[in-house]
Protein chains: 2
Amino acid sequence: MVSSTPELLTPDLLPLETVHHVRDTCLCLATQRAARRLARHFDNALRRFDLTNNQFSLLVSINRPVPPAIGQLAPFLAMSASTLTAAVKPLARRGLVMIEPDAEDRRSKRLRITPVGVALMREAVLVWRSAHADYERGLADGAADALRAALAGVEPEG
Amino acid sequence: MVSSTPELLTPDLLPLETVHHVRDTCLCLATQRAARRLARHFDNALRRFDLTNNQFSLLVSINRPVPPAIGQLAPFLAMSASTLTAAVKPLARRGLVMIEPDAEDRRSKRLRITPVGVALMREAVLVWRSAHADYERGLADGAADALRAALAGVEPEG
DNA sequence: CTAGTATAGTTTGATATCAAACTAATATGG
DNA sequence: CCATATTAGTTTGATATCAAACTATACTAG
């Protein structure tokens, strides 16, 4: 019982009012929590392909007629170039992506999805579709659209 | 120029329609992007305390009259117990948190914020407040509330 | 009481994340 | 042309994240 161990109480705390304010209003905390839950859901769904939700999103983003450079992709994914450099490595190791120096600017490197990557993604997209439907099915009507709209509302530059 | 390097085009791609559908509708991708942006904003603001946004949220969550156990805190933060075990270590090393075995169930460990942790957080909360105001100031009217509401709408159990 | 089961955390090995410092290549000024 | 500044990526070292396998403790049937 709690009351039987008064010596365990911490006497000197932040005001609980402050704590509750942070917990109820912090957009960062709320977003990190939702991000972890969503990541788990899609990581589970994509596990059969040995893809994480991040790797799936990265492969989708790389699937462009002109292979994008790291410097273009990182802002789109809202991640640093150093994170992207690291994220590409396991995919390149598996032959799903190729890293090619740009002929016109040898500092720049373009990321190209390989035929093996495309073949894997053809299947993975089907599973993504069903995992997304699963997820939305657990939400109230309009909740998914509301979240999409709200997240669009916090994008920089509209 | 793009058209001058046709040999760089990947012939075999997923349909761009599919790609655009994923990019425009995936709640996971949209949430991870927002989570990264928000994390960076608050990591920057809290850097002067050598706290990450995660460590800040964790310390806020630990600041309770009865020190919570790992098994209680992990679901609240929507993270696994193994992640929480790891996250506590740097804070314990710095003396901001203490890990105490529960007297009534020696499997369980309670996390207590120390006086040093409370003192640090008194300052950090002020900075959080101003960083949050900064962030909201960059949004359209109602965007923050809309995001809070939308994120609440994807919480399990209401 | 004891065997089996369930629960609470930890460890391990992998990916994910960033800032800061670094390397290499391009652009610019003189 | 050369020196400087800028830009594109990479490396480093730290935290963050998870599932799976593990340890230790508690519970529960028989």
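Just so we're on the same page: letters track the sequence lines, and every chain starts at 1.
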Euclidean distance, atom [atom1] of residue [X] to atom [atom2] of [N] [Å, nearest integer]:
{"X": "B/E100", "N": "C/dG9", "atom1": "CD", "atom2": "P", "answer": "13 Å"}
{"X": "A/L46", "N": "C/dA16", "atom1": "CG", "atom2": "C1'", "answer": "16 Å"}
{"X": "B/E104", "N": "D/dC27", "atom1": "CD", "atom2": "C1'", "answer": "16 Å"}
{"X": "B/F42", "N": "D/dT15", "atom1": "CZ", "atom2": "C1'", "answer": "19 Å"}
{"X": "A/L29", "N": "D/dA16", "atom1": "CG", "atom2": "P", "answer": "14 Å"}
{"X": "B/R110", "N": "C/dA8", "atom1": "CZ", "atom2": "C1'", "answer": "12 Å"}
{"X": "A/D102", "N": "D/dG9", "atom1": "CG", "atom2": "C1'", "answer": "13 Å"}
{"X": "A/L111", "N": "D/dG9", "atom1": "CG", "atom2": "C1'", "answer": "11 Å"}

Quick one: which of C/dG9, D/dA16, C/dT15 gets closest to the side chain of B/T52? D/dA16
Hey, are [X] and [Y] close enough for a salt bridge, meaning a charged N less than 4.0 Å from a carboxylate O?
{"X": "A/R48", "Y": "A/E123", "answer": "no"}
{"X": "B/E100", "Y": "B/K109", "answer": "no"}
{"X": "A/R40", "Y": "A/D43", "answer": "no"}

Given the rule that I, L, V, M, F, W and Y join up when any side-chain heavy atoms are under 4.5 Å apart, are A/L126 and A/F42 in one cluster? no
Indicate, with yes or no, if A/V116 and A/V125 share a hydrophobic cluster defined by side-chain heavy-atom contacts under 4.5 Å among Ile, Leu, Val, Met, Phe, Trp and Tyr. yes
For the residue pair A/F56 and A/W128, does the interplanar ring angle fall in the parallel (under 30°), tilted (30 to 60°) or perpendicular (over 60°) class? parallel
For A/K109 and B/Q55, take the nucleotide of DNA chain D holding the closest heavy atom to each; which residue's nucleotide lies nearer the 5' end? A/K109
Just by protein heavy atoms under 4.0 Å, how would nucleotides 17-25 of chain D read 5' to 3' in B, S and -? BBBB---BB
DNA chain C contacts among residues 122-129 of chain B, heavy-atom distance under 4.0 Å: none
Taking only residues two or more places apart in sequence, or in another chain, which ones meet A/S61 in a side-chain hydrogen bond (donor to acceptor under 3.5 Å, both in side chains)? none
The criterion is side-chain hydrogen bond (donor to acceptor under 3.5 Å, both in side chains); which residues satisfy it with A/D145, sequence neighbours excluded? A/R148
In degrees rounded to 10°, what angle is found between the helical axes fit to the five outermost pairs at each end of the helix from C/dC1-D/dG30 to C/dG30-D/dC1? 10°
For residues 77-84 of chain A, dump all side-chain donor-acceptor pairs below 3.5 Å to protein atoms at least two apart in sequence or in another chain.
| residue | atom | partner | partner atom | Å |
| --- | --- | --- | --- | --- |
| A/S80 | OG | A/S82 | OG | 3.1 |
| A/S80 | OG | A/T83 | N | 3.1 |
| A/S80 | OG | A/T83 | OG1 | 2.9 |

Among side-chain atoms of B/H132 and B/E136, is any donor-acceptor pair under 3.5 angstrom? yes
Hey, does A/V88 have a side-chain heavy atom less than 4.5 Å from the side chain of A/I99? yes
With side chains defined as the heavy atoms from C-beta onward, is the minimum distance between B/R107 and B/D102 less than 4.5 Å? no
Residue mapping more 5' on DNA chain C - nearest nucleotide basis, A/V88 or B/G71: B/G71
Looking across every strand, which nucleic acid part, if any, lies under 4.0 Å from A/A69 by heavy atom: base, sugar-phosphate, or nothing? sugar-phosphate
Is the phosphate of C/dT11, meaning OP1 or OP2, less than 4.0 Å from a side-chain N or O of B/T85? no
